[in-house]
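Please read the structure below before turning to the comments.
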Amino acid sequence: MNEYNFAYLDEQTKRMIRRAILKGLAIPGYQVPFASREMPMPYGWGTGGVQVSAATLTPEDIFKVIDQGADDTTNAISIRKFFQKVTGIKVTDKTIDATVIQTRHRIPETSLTEDQILVYQVPIPEPLRFLEPYETETRKMHALEEYGLMYVKLYEDISRHGAIATSYAYPVKVEGRYVMDPSPIPKFDNPKMEMAAIQIFGAGREQRIYALPPYTQVVSLDFDDYPFEASKADHVCDICGSSDTYLDEVIVDDQGGRIFVCSDTDFCAAQQSAALESSE
Amino acid sequence: MTPLLSVYNLTKMYGHRVGCQDINLDLYPSEVLGIVGESGSGKSTLLNCLAGQLTPDRGRIQFKTRSGDVKDTLTLSEPEQLMLSRTDWAFVHQNPRDGLRMSVSAGGNVGERLMAVGSRHYGHIRTTAIDWLDRVEITADRIDDRPTSFSGGMQQRLQIARNLVTGPRLVFMDEPTGGLDVSVQARLLDLLRNLVRDMGLSAIIVTHDLAVVRLLADRLMVMKEGQAVESGLTDQVLDDPQHAYTQLLVSSVLQA
């Protein structure tokens, strides 16, 4: 093959990461510290997700990488190429064919199944970080379930904007215990987190791994009189016509022309070909 | 009547130096106890030990909870202690910046304790916050302003509202009027006195200002070099001081 060990990391490192993953799965939503390694990419480019993928992949796996819903952006392409080089495994763009999916900022529109793993890249794993700068304090707050401060943030949102303005990285409570940062996915994706697949979150710079086993209860925080809303742009996709997908707004000319398109490129392409087939 | 708070032989050392030594006291429901003494006499150390912010070296503190059982607060587990400090207890700092979240609006500051004990209805939190701002004489239109835009006196009143919103039974106050000018002090004292009476609060007030205790406290404890040198009814201690240090303290105040 080549001079790298399978999936770049050495076996001891992968073992250490797998232990952190197993612990994370055993305590859903709890941030497990792990000895994050230097990876051949800068922090913030998905070093946490890459390490989790490296520890999870087997030679039989089929790998997919998404960046903001797309398979063909720089981050997605470079990570996919990296794993092709250091593992030699098959890669795909198709959500249904993949066994391991590494993602940044989105959950695929297609429902995932029990034999799939979704790996998230996480920049800041601590949902309380911007409210409480000290790590020792936030850990104590998690231990004592002291989450009043999280609601203070939502309160401030409503008092300032008239609604909960947090639109991505919307905090969730896992199995009635830990408050968790779902990584910067749009809040539209929050309800999808109660899914059949295993979800693992890796934060490389912050050296934390956390996880959700299949069918774990994930509740978005809200107030009784300001309930959580999985909002999206009020349009249909201008390419495939889907009305229930998360949309990107794309500016197409210098005259202010704009279109809305599915952010999940694989889903959009599948809808287009299905429409083509039925019209033939 | 059983005391709300009983303290037995409380001692806190800083290495070889004495913080406070062999303090005994009882605080009864709806009673205000003043602790006076000069800087370094150990009164703040004592208050912090009582409020669970410092761990004393020796002694026992017993607190009668809402349900009526008497608990030793020093052996409580951390979650129990946290619950106590969120519900039954309140702590008013000398510097409002220590007791407020300066980057959060006034309403958020008042609402935090409510949300911490499980309030999840924005409308209710907001109404309660407005009610409490009104009680401490802050107009409702300042509810979305940050405390950084408030004057010192307003910040202190906001801190008091934030602490009293969950209806605590015991309030610890560390120099609540320190750093305020005299007219603001007088209004704050008036406000505190009314709140304490209306809510039937028990309070322990640490101060070096004898006027504050004369106005607020039912009983007085005088501290010097970590020891309680004299205690009794406020008027009795101030009008007929027995200990030499108390006599000095009382005579040092200018008679206006």
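Proteins get letters first, then strands, A, B, ... in listed order; numbering begins at 1 in each.
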Should the heavy atoms of other residues, nucleotides or ligands under 6.0 Å from [atom1] of [X] be counted, would the total exceed 12?
| X | atom1 | answer |
| --- | --- | --- |
| A/Arg177 | CZ | yes |
| A/Asp234 | CG | no |
| A/Arg19 | CZ | no |
| B/Arg58 | CZ | no |
| A/Tyr168 | OH | no |
| B/Tyr8 | OH | yes |

* Main-chain N/O of B/Val104 paired with A/Glu156 side-chain donor or acceptor, under 3.5 Å ->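 Not a single qualifying donor-acceptor pair exists.
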
* Pull out the residues in residues 59-93 of chain B that come under 4.5 Å of chain A, heavy atom to heavy atom, sorted by number. =>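 Result: B/Glu78, B/Pro79, B/Leu82, B/Arg86.
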
* Asked: Which residues in residues 137-146 of chain B have a heavy atom less than 4.5 Å from any heavy atom of chain A?
  ->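 Residues in range: B/Ile143, B/Asp144, B/Arg146.
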
* Specify which of B/Gly107, B/Gly111, B/Ala116, B/Ser103 makes the most heavy-atom pairs with chain A at under 4.5 Å. =>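 Of the options given, most contacts go to B/Gly107.
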
* **Pairs where residues 208-229 of chain A contributes a residue and the test salt bridge (charged side-chain N to carboxylate O under 4.0 Å, His left out) is met, not counting sequence neighbours** => A/Glu135-A/Arg208

* Asked: By a 4.5 Å heavy-atom criterion (distance strictly below it), what part of A/Tyr151 contacts chain B: side chain, backbone, both, or neither?
  ->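 It is both, since atoms from each part get that close.
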
* To do: Sort A/Lys140 into side chain, backbone, both or neither according to what part of it lies under 4.5 angstrom from a heavy atom of chain B.
  => side chain

I'd like to check [X] versus [Y] (side-chain heavy atoms, cut-off strictly below 4.5 Å). Are they in contact?
| X | Y | value |
| --- | --- | --- |
| B/Met115 | A/Tyr155 | yes |
| A/Leu154 | B/Tyr122 | no |
| B/Arg126 | A/Ser159 | yes |
| B/Arg101 | A/Leu149 | yes |

* To do: Taking heavy atoms only and a threshold strictly under 4.5 Å, list by residue number the residues of residues 196-206 of chain A that touch chain B; give 'none' if the list is empty.
  => none

* Asked: Using non-hydrogen atoms only, which part of B/Ile125 is less than 4.5 Å away from chain A: side chain, backbone, both, or neither?
  ->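 The answer is the side chain of B/Ile125.
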
